[in-house]
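Have a look at the structure below before the remarks.
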Protein chains: 2
Amino acid sequence: MESKCCVNQENVDIVREELYADNEIAEIADIFKSLGDPTRMRIVAALGIRELCVGDLSALMEISQSGVSHQLRLLKQKRIVKSRREGKLIMYSLDDQHVVDLIKITANHVRHEE
Amino acid sequence: MESKCCVNQENVDIVREELYADNEIAEIADIFKSLGDPTRMRIVAALGIRELCVGDLSALMEISQSGVSHQLRLLKQKRIVKSRREGKLIMYSLDDQHVVDLIKITANHVRHEE
DNA sequence: TGAACATATGAGCATGTATTCATATGAAAA
DNA sequence: TTTTCATATGAATACATGCTCATATGTTCA
């Protein structure tokens with residue numbers, strides 16, 4: 001943006017070529033964003049333990065049923081979570097084992113472990 | 001929040017007990033949030049390829065030097081990125097291999113692979 | 001020491017987003 | 001079919017956040 005500054009054009013070119021494409025970056029970042037909110041993180045972690053309905057999650061999170069529902073929709077769009085009907089209830093569970101790994105790795109990071 | 005709804009108290013109690021503590025959830029979510037922005041994701045991905053200075057990143061991202069610097073500070077606080085001085089330049093690189101794994105797993109997720 | 005340069009920081013703005021309230025939807029039970 | 005109940009959706013709001021501009025900091029080299 002400003003005057004040339006220090007740019008090492010060679011480095012920049014090399015990295016630019018090897019780097020993920022912009023749209024791929026955006027998609028990856030979007031997944032991280034989905035997990036980057038305490039409420040959604042708790043929802044995902046909870047569903048990693050046990051399949052739960054919206055009401056259960058609402059009680060667990062201490063957040064309104066509406067709020068939980070909104071977040072679940074978001075997580076479902078990202079294929080992090082899936083749902084199935086059981087009688088009157090809609091039961092939610094994880095749609096993807098990747099997520100479990102992601103959380104474990106990150107938990108290790110914050111604990112300065114391994 | 002509302003009337004009892006469907007709550008299965010047993011499920012809720014079990015999950016509540018096994019769930020990560022709130023502060024741990026917050027820390028984990030915070031790491032994901034750091035990676036959950038396209039600009040920061042690109043920075044981290046770029047540094048995964050090669051050590052770069054702020055000016056290089058600024059050129060690569062097409063964002064002001066100031067903007068890059070702000071994001072780098074955030075990533076440094078989270079121990080995702082580290083820096084060292086080399087003459088006039090400050091060279092940034094990844095501080096943690098965990099991050100590389102996180103990105104790979106998530107790239108697989110968005111590609112519906114493995 | 002002083003000038004030049006790379007980086008860091010603070011303020012401000014424009015945009016995004018998490019939550020709630022009120023209400024709609026739709027399956028199930030009566 | 002009608003009622004009931006769990007979930008979903010839309011609007012509104014309060015708050016967070018990414019970016020830029022202007023400027024401060026601090027290191028290097030003359």
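Each chain gets a letter, A, B and so on, in the order the sequences are listed, and its residues count up from 1. As the structure is a prediction and not an experimental result, all values here were calculated from the model.
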What's the [atom1]-[atom2] distance between [X] and [N], to the nearest Å?
X	N	atom1	atom2	value
A/Arg84	D/dA6	CZ	P	17 Å
B/Leu57	C/dA8	CG	P	11 Å
B/Glu62	D/dT20	CD	P	11 Å
B/Leu75	D/dG18	CG	P	10 Å
A/Asp30	C/dT17	CG	C1'	13 Å
B/Arg42	D/dG18	CZ	P	16 Å
A/Met61	D/dT7	CE	P	14 Å
B/Ile90	C/dC5	CD1	C1'	12 Å

(request) Select from A/Glu86 and A/Arg40 the residue whose nearest nucleotide in DNA chain C is closer to the 5' end of that strand. (result) A/Arg40

(message) Can you work out whether B/Lys88 or A/Lys33 has the more 5'-proximal nearest nucleotide on DNA chain C?
(response) B/Lys88

From [X] atom [atom1] to [Y] atom [atom2], the distance as rounded to the nearest 0.5 Å:
X	Y	atom1	atom2	answer
A/Asp101	B/Asp101	CG	CG	10.0 Å
A/Ser69	A/Ile63	OG	CD1	12.5 Å
B/Lys76	B/Gln71	NZ	CD	15.0 Å
A/His70	A/Gln65	NE2	CD	8.5 Å

Which of these nucleotides, [options], is closest to any side-chain atom of [X]?
X	options	value
A/Leu89	C/dG10, D/dA6, D/dT28	D/dA6
A/Cys6	C/dA18, C/dA6, C/dA28	C/dA6
B/Arg85	D/dT28, C/dG10, D/dC19	D/dT28
A/Ser69	D/dG10, C/dA18, D/dT7	D/dT7
B/Ser64	D/dA8, D/dC29, D/dT20	D/dT20
B/Leu74	D/dA6, D/dG18, D/dC19	D/dG18

(message) Would the base of D/dA8 count as contacting A/Gln65 through its side chain, where contact means a donor and an acceptor less than 3.5 Å apart?
(response)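 Under the 3.5 Å cut-off, the side chain and the base do form a donor-acceptor pair.
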
(request) May I ask you to verify whether the side chain of A/Ser66 and the base of D/dT9 hold a donor-acceptor pair under 3.5 Å? (result) yes

(message) Please confirm whether the shortest side-chain N or O distance from A/Tyr92 to OP1 or OP2 of D/dA8 is below 4.0 Å.
(response) yes

(message) Strictly below 4.0 Å: does B/Gln71 bring a side-chain N or O up to OP1 or OP2 of D/dT17?
(response)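 It does not, given that no N or O in the side chain of B/Gln71 lies less than 4.0 Å from OP1 or OP2 of D/dT17.
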
(message) Can you confirm whether A/Glu113 is buried at CD, in the sense that more than 12 heavy atoms of other residues, nucleotides or ligands lie under 6.0 Å from that atom?
(response) yes

(message) With heavy-atom distances below 4.5 Å as the criterion, would you say the side chains of B/Met41 and B/Ile103 are in contact?
(response) yes

(request) For the helix from C/dT1-D/dA30 to C/dA30-D/dT1, figure out the bend between the end axes, five pairs an end, and round to 10 degrees. (result) 30°

(message) Give the residues of residues 46-55 of chain B touching DNA chain C, defined as any heavy atom closer than 4.0 Å, sorted by residue number.
(response)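 By residue number: B/Cys53, B/Val54, B/Gly55.
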
Please find the pair of heavy atoms, one from [X] and one from [Y], that lie closest to each other, and give the distance.
X	Y	value
B/Leu75	B/Ser34	CD2-O, 4.1 Å
B/Leu94	B/Val100	CD1-CG2, 3.8 Å
B/Ser58	B/Val68	CA-CG2, 3.6 Å

(message) What contact category does B/Lys76 fall into here, base, sugar-phosphate, or nothing, at under 4.0 angstrom with non-hydrogen atoms?
(response) nothing

(message) Using a 5.5 Å cut-off between ring centres and planes within 30 degrees, is B/His70 stacked on the base of C/dT9?
(response) yes

(message) Regarding A/Glu18 and B/Arg50, does a basic nitrogen lie under 4.0 Å from an acidic carboxylate oxygen?
(response)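 Not counted as a salt bridge, because no side-chain N and carboxylate O are separated by less than 4.0 Å.
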
Pairs of donor and acceptor atoms involving the side chains of residues 22-32 of chain B, under 3.5 Å and at least two apart or interchain, shall be tabulated with distances.
{"residue": "B/Glu24", "atom": "OE2", "partner": "A/Arg111", "partner atom": "NE", "Å": "2.8"}
{"residue": "B/Glu24", "atom": "OE2", "partner": "A/Arg111", "partner atom": "NH2", "Å": "2.9"}

